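Written out below as structure tokens is the structure these notes cover.
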Amino acid sequence: MRTLYLAELRDSWTAWLGVCLAFVVTNLSFANSALVQASGWAAVRKGELDLMASGEFTLVPISNYVFSGLVGLTVIATSASMVVDARRGSLARLALAGATPAQVVRTVMLQLLAVSLAAAVIADLIAVATLQPWLAFLTTGLDSGEVIKQPAPVYDFGAVLLANAGVVLVALLGGYGQARRAAAVPPVEALRQAAAPPPPRMRVLSWVMLVVCAGVLALLFAAIIPIASVRDSETVSTLLQMSLVALVLFVVMVAILSPILISPLARGWTALIPTRAAVWQLARKNIYVRGPRFARSVIPIIFTIGLMLGLLALGPTIYATSAASGLDGGPITLDKAGIGAFLSLLGPALAIALAGGVGNLFMMSKQRDAELALLGITGATPDQRRVLPLLEAVILVVTAAIPAVAALGVMLGYLGLSFTATGMVPAFAVPAIAWAVSIGGTGLIMMAATVLPTLGALRLPEPRVIARLAAE
């Protein structure tokens, strides 16, 4: 079977290439955190950095592992699912050739391992090259008013390799369910419907994970009173970070529910648009056809918009609460954890989500080219074929924005309860620039990722585009 595994690995690299950006960014997040932490602890041991002032370099990376791990696990699972769906025909031929379900699972897992290791090499090189400027940013991002010496960069390759192993574990956990799904499909059925995955459904494990996430979220809210009762310099910072955890957990719950939630949500709001334009109706109907693929494409975009809204709303909400509470000393003290701390917490996870969203859309580009070619054969005008991907991107972003705004509501609700428990008057502020950057900026990126890959195929004869996809 080794020869077969290697042959499948060679044949699948183009499919994995479309989603490898998420693997690279996840590895970069872990490797960067490992190097920052190694540099911070080295400075503490040398007496160059006070232990109480080292949280940005020694403790925040630990939180970053959690945020990046949660987002990476979900995004990598959706990316692996996209690749499995794209290679259903190839996996079915393996089964028809006599491969057992266990061997099919090992084939997919080997591909995941290879992609993760290749991405780790690229990410490690970037992490080493950017460590010095990242440490400088974290130092200048502190707003406690205390002058802190920037730690000297420490290139601990043992810590980096350990971080790479953590990402490999995340990737294998995220992809294992998709590998089992690929092995469970009857070979003849997969060959007959190679481009049409079965309708999505919730599995028993998904319901268990949903209950676990809901329980953890409930515990986070229940912990507000005990944490607020211990008044020290870390109380507010802890509650602020826990509000971000609540936001991420809510989006993870949405991702778990995506098989039964996303498509009905998209169909519901698009039905409210009062137009009978053919191209809009066609864009809406594609939701029905692309149910599983559409849901998986939306998940990273939900993370992107939700995390960006949370990050951009946090600072204004802190200042508004400080003003409403009559704090003469300025805004709420975050105890050395300024914008650098929260950007280092959410920034890498945000980058993973954005990379996953772009990668998943790129993964769908060849199938989208064939669909547009079929529309051309059946009479669609060139203008309609150019506008259709744009409308599909709009549907993707607006559908993602709805649960993302709900996640922001969860975070603000957590902050409101936290501020009240600590004796402050909660006041919320989400400036217009936050909405513009989060939804508008993400929308522009996703529109570009959807539309630009189709431009080349639109200039080719339709039969040639369809034949190219069939050959693959």
Side-chain angles (χ1 to χ4, degrees), residues 82 85 195-197 199-200 254 258-302 304-305 354 357-358 360-406 432 435-466 468-469:
M82 300 282 282
D85 287 344
V254 172
S258 63
I260 61 175
L261 175 65
I262 298 300
S263 289
L265 178 63
R267 290 197 298 267
W269 79 260
T270 53
L272 302 176
I273 305 300
T275 178
R276 303 301 299 174
V279 67
W280 172 255
Q281 294 302 321
L282 187 57
R284 286 193 65 237
K285 297 300 180 184
N286 279 343
I287 298 173
Y288 295 90
V289 177
R290 296 180 184 164
R293 287 188 301 155
F294 178 82
R296 294 171 193 133
S297 299
V298 168
I299 291 170
I301 306 176
I302 299 173
T304 303
I305 297 176
L354 185 60
V358 172
N360 286 357
L361 291 178
F362 181 81
M363 181 67 201
M364 293 174 59
S365 61
K366 292 184 179 179
Q367 184 67 34
R368 188 180 295 107
D369 290 344
E371 293 170 354
L372 293 175
L374 285 172
L375 289 174
I377 292 174
T378 56
T381 67
D383 286 341
Q384 288 175 325
R385 292 166 60 197
R386 281 191 288 269
V387 171
L388 185 60
L390 184 62
L391 292 179
E392 291 178 355
V394 171
I395 293 175
L396 274 169
V397 173
V398 175
T399 302
I402 296 172
V405 172
W435 300 104
V437 171
S438 302
I439 299 178
T442 302
L444 290 176
I445 294 173
M446 297 308 160
M447 288 176 191
T450 304
V451 174
L452 293 181
T454 67
L455 298 181
L458 288 174
R459 292 192 290 267
L460 299 175
E462 289 86 351
R464 181 178 173 183
V465 176
I466 297 172
R468 184 174 62 183
L469 180 67

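Just so you know, these numbers come straight off a predicted model, no measurement behind them. Side chains included, hydrogens not; waters and symmetry mates left out as well; all remaining heavy atoms used.
- Pairing each heavy atom of Thr275 with each of Ala277, the nearest pair is OG1-N, 3.2 Å.
- For Ser438, there are no side chain to side chain donor-acceptor pair (under 3.5 Å) partners at least two apart in sequence or on another chain.
- Applying the side chain to side chain contact (heavy atoms under 4.5 Å, CB included) rule to Ala404 yields the partners Ile302, Ile305; only residues at least two apart in sequence or on another chain are considered.
- At least one donor-acceptor pair under 3.5 Å links the side chain of Thr304 to the backbone N or O of Leu354.
- Applying the salt bridge (Lys or Arg N to Asp or Glu O under 4.0 Å) test to pairs two or more places apart or on separate chains, none has a residue in residues 273-283.
- In this structure, Thr399 OG1 and Ile301 CD1 are separated by 9.0 Å, a value rounded to the nearest 0.5 Å.
- The two residues Trp269 and Ile402 come nearest to each other via the heavy atoms CD1-CD1, 4.0 Å.
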Quiz: residues 379-390 side-chain donor-acceptor pairs under 3.5 angstrom, not counting sequence neighbours:
from   : atom 1 : to     : atom 2 : distance (Å)
Thr381 : OG1    : Gln384 : N      : 3.2
Thr381 : OG1    : Gln384 : OE1    : 3.4
Asp383 : OD1    : Arg386 : NH2    : 2.4
Gln384 : OE1    : Thr381 : N      : 3.0
Arg385 : NE     : Leu372 : O      : 3.2
Arg385 : NH1    : Glu462 : OE2    : 2.9

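- For the pair Leu396 and Val298, the tightest heavy-atom approach, listed with the atom from each and the gap, is CD2-CG2, 3.5 Å.
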Going by atom type alone, with no hydrogens or angles, which donor-acceptor pairs under 3.5 Å involve a side-chain atom of residues 443-461 and a protein atom two or more places apart or on another chain?
from   : atom 1 : to     : atom 2 : distance (Å)
Thr450 : OG1    : Met446 : O      : 2.8
Thr454 : OG1    : Val451 : O      : 2.6

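- Identified under the salt bridge (Lys or Arg N to Asp or Glu O under 4.0 Å) test for residues 391-404, with sequence neighbours left out: Arg290-Glu392, Arg368-Glu392.
- Here the closest non-hydrogen pair linking Ser258 and Ala295 is O-CB, 3.9 Å.
- In this view, Ala436 satisfies the side chain to side chain contact (heavy atoms under 4.5 Å, CB included) rule with no residue, not counting sequence neighbours.
- Counting only distance, with no hydrogens or angles, the side chain of Thr442 and the backbone of Ile439 share no donor-acceptor pair below 3.5 Å.
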